[in-house]
Visitor: 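Structure incoming, see below.
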Amino acid sequence: MSKFIKGTFILLAAGLVTRVLGFIYRIVLARSIGEEGVGLYMMAYPTFILVVTLVQLGLPVAISKNVAEAEAKGNYAEIKKILVVSLAITITLSIVITPALIMLAPLLSSTMFTDSRTFYPLIAITPAIPIIAVSSVLRGYFQGRQNMQPSATSQILEQVVRITLIAVMTKAFLPYGIEYAAAAAMAASVLGELVSLIYLVTTFKFKKRFRLRKNFFKFIQAGKDTFKDLMEIALPTTGSRMIGSISWFFEPIVVAHSLAIAGVIAGEATKQYGSLTGYAMPLLMLPSFVTFSLATSLVPAISEANSRKNYKLIEYRLEQALRFVFLSGGLAVIVLYVLADPLMELMYGSTKGSYLVRLMAPFFIIYYFQGPLQAVLQALNLARAAMINSLIGAVVKTAVIFVLASQASFGITGAALGIIVGFVLVTFLHLATVMKQVSFSIYVRDYAKGFLVMGAAGWVGYWLFENFMSNELLIIRVLISLIAMTLAYAFLLVILGLIKKDDLIRIPWIGKFFTAS
């Protein structure tokens, strides 16, 4: 079994566990601090992501790619240089940026977010910056060696710690005010990141083939060429991520000011933004663990194939990834669309935001393609093109949000429509760029069959939920509908030839049951 397939499925399994745990975290958070508390949390969170993007400087992707190429040549001295130079960069940046965020927090909270209570979550998250700076380098190293298990395990540990602490910490601080409870939720995330880093450092010590601290500063001085190689990938990658992070940073600001123009007061705007980004979006983003896993595995896998000029393998892995995203994303879309109301009720004890899930779910099948396509562009040294595509999408998204959300007839729905327009545009721009570089076929008939399967399975789930066992508990009705949709979807995929025996054989642990005896 190839490292690519094995690594992808390790990340898929871990990604599923992590997303489920992350969802439990969101549920506990929503039930602990409510819609307004989640709004404060989500207004501060994009600022943290922007700062992390600055600290990482696009290095995880560059490390993954360069380590994969160096290991293919057996050049372990170069791998050590990559690690040493990367750690020096990220640690230095975190030392500069962390205090800068602390000093800017009062201005950001009172002026830009129009809700001064966001100051406390902003301050609470700052200790995580240097922690993530180091852990991202180690994750890039392991991914470059196509060893996905440490990254996967560290993510699970992080979520377990967050969930363990969230309820206790928010409950302890809630009597002091909703803003302190939101800050406590951020602090739980910091402790989760710390435990994750401790695991990565311990694993690295056992798995490494060299002593990292030996001649550390000499390797920094001798790493000018390594620094240049890393920056050739990292800077364009940072540009692409930076555009996304800046766009997300301005999103709550634009939404808050647009809703104010539409006549919505600050407290209510915080609640509405919480229902969109804290309730609806996490549900829609849940299936993206598939695309994240594929994207993470694609960078080193395609980089290795590209370094060997094996273009047929690049095409094969790309088609493999896109087909898998479509088939897995299709099931997610119909489940979210059909069961939006009951899922929101079961998770958050409220159906607020469920109409946003139904509005956005059909378009998220396009969003799920974006991660693997961007990974391919990065692996083919086309990070600059990905950056330009992201910039166009970010500008258009922000403009649409401002135009629509500032109208009373749209309100927060306008923000949702702006987000849709942004990611759809970026995905199609990425696809067009990839098609200029890699000749691969799009099997229109298979995609048409896939949409028919989605419609049929969705109808089965809807009919069962509305008409069968209507007197049973809500969770029973949801489970029955969900299982029926999944079985119908899988059955129709096999019947129509969209899943073949060869595909099943490649799946780790499961494939052995389909091999000929």
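Computed from a predicted structure; not experimentally measured.
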Visitor: Tell me whether the count of non-hydrogen atoms from other residues, nucleotides or ligands lying under 6.0 Å of OH in Y355 goes above 12.
Guide: yes
Visitor: Which is it for I132 and F48 under the side-chain contact (heavy atoms from CB on, under 4.5 Å) test, yes or no, and what are the steps along the way?
Guide: CA-CA 11 Å; I132 292 175; F48 169 67; 3.3 Å; yes
Visitor: Examine the side chains of T351 and D341 and answer whether a donor and an acceptor come within less than 3.5 Å of each other.
Guide: no
Visitor: Just verifying a value: how many Å separate L138 CG and L200 CG, rounded to the nearest 0.5 Å?
Guide: 5.5 Å
Visitor: For S390 and H430: C-alpha separation, side-chain torsions, deciding distance, then whether side-chain contact (heavy atoms from CB on, under 4.5 Å) applies.
Guide: CA-CA 9 Å; S390 299; H430 281 354; 4.2 Å; yes
Visitor: If you count every heavy atom of other residues, nucleotides or ligands that lies below 6.0 Å from Y367 atom OH, does the total exceed 12?
Guide: no
Visitor: Is there a side-chain contact between F364 and M285 (heavy atoms, below 4.5 Å)?
Guide: yes
Visitor: Measure the shortest side-chain to side-chain distance between L108 and T118 over non-hydrogen atoms and say whether it is less than 4.5 angstrom.
Guide: no
Visitor: Measure from the side-chain N and O atoms of T170 to the backbone N and O of A167, and report whether any donor-acceptor pair falls under 3.5 Å.
Guide: yes
Visitor: Determine whether a donor-acceptor pair (N or O, by modelled atom type, separation under 3.5 Å) exists between the side chain of Q370 and the backbone of I366.
Guide: no
Visitor: Taking the inter-plane angle between the rings of Y120 and Y180 on a 0 to 90° scale, is it parallel (under 30°), tilted (30 to 60°) or perpendicular (over 60°)?
Guide: tilted
Visitor: If I take atom CG from residue L327 and atom CG from residue L322, how far apart are they, to the nearest 0.5 angstrom?
Guide: 11.0 Å
Visitor: Taking atom CE of M281 and atom OG of S275, what is their separation to the nearest 0.5 Å?
Guide: 12.0 Å
Visitor: Can you tell me how far apart CG (L425) and NZ (K397) are? Round to the nearest 0.5 Å.
Guide: 12.0 Å
Visitor: Just wondering, are more than 12 heavy atoms of other shown residues or ligands nearer than 6.0 Å to CZ in F326?
Guide: yes
Visitor: Do you know which two heavy atoms are closest between P150 and Y199, and how far apart they sit?
Guide: O-CE2, 3.5 Å
Visitor: Quick one: are Y368 and V333 in side-chain contact, heavy atoms under 4.5 Å?
Guide: yes
Visitor: Evaluate side-chain contact (heavy atoms from CB on, under 4.5 Å) for R139 paired with V134, printing each intermediate quantity in order.
Guide: CA-CA 9 Å; R139 285 194 180 106; V134 177; over 6 Å; no
Visitor: For residues I95 and P130, determine if any side-chain heavy atom of one lies less than 4.5 Å from a side-chain heavy atom of the other.
Guide: no
Visitor: In sequence, state the C-alpha distance, the side-chain angles, and the governing distance for S86 and L230, and then conclude on side-chain contact (heavy atoms from CB on, under 4.5 Å).
Guide: CA-CA 8 Å; S86 300; L230 286 168; 3.6 Å; yes
Visitor: How about F250: does its CZ atom have over 12 heavy atoms from other parts shown lying under 6.0 Å from it?
Guide: no
Visitor: Do F142 and S154 have side chains that approach each other closer than 4.5 Å (heavy atoms only, starting at C-beta)?
Guide: no
Visitor: Rounded to the nearest 0.5 Å, what separates atom CD1 in I253 from atom OG1 in T47?
Guide: 6.5 Å
Visitor: Can you name the closest pair of heavy atoms from T92 and A88 and give their distance?
Guide: OG1-O, 2.7 Å
Visitor: Considering all heavy atoms of both residues, which atom of M347 and which atom of R31 are nearest to each other, and what is their separation?
Guide: O-NE, 3.1 Å
Visitor: Of all the heavy-atom pairs spanning V51 and I129, show the shortest one and how long it is.
Guide: CG1-CD1, 3.3 Å
Visitor: Using distance alone, with no hydrogens and no angle criterion, decide if S196 and R162 have a side-chain donor and acceptor under 3.5 Å apart.
Guide: no
Visitor: I'd like to check S354 versus R358 (side-chain heavy atoms, cut-off strictly below 4.5 Å). Are they in contact?
Guide: yes
Visitor: Please find the pair of heavy atoms, one from I33 and one from A182, that lie closest to each other, and give the distance.
Guide: CD1-CA, 4.2 Å
Visitor: Take a 6.0 Å sphere around CZ of F423 and say whether it holds more than 12 heavy atoms from other residues, nucleotides or ligands.
Guide: yes
Visitor: Kindly give the heavy-atom pair with the smallest separation between M387 and I243, and that separation in Å.
Guide: O-CD1, 3.1 Å
Visitor: Please round to the nearest 0.5 Å and tell me the distance separating atom CD1 of I89 and atom CG of L57.
Guide: 6.5 Å
Visitor: Measure the shortest side-chain to side-chain distance between Y279 and L356 over non-hydrogen atoms and say whether it is less than 4.5 angstrom.
Guide: no
Visitor: Going by heavy atoms in the side chains, are I198 and T202 under 4.5 Å from each other?
Guide: yes
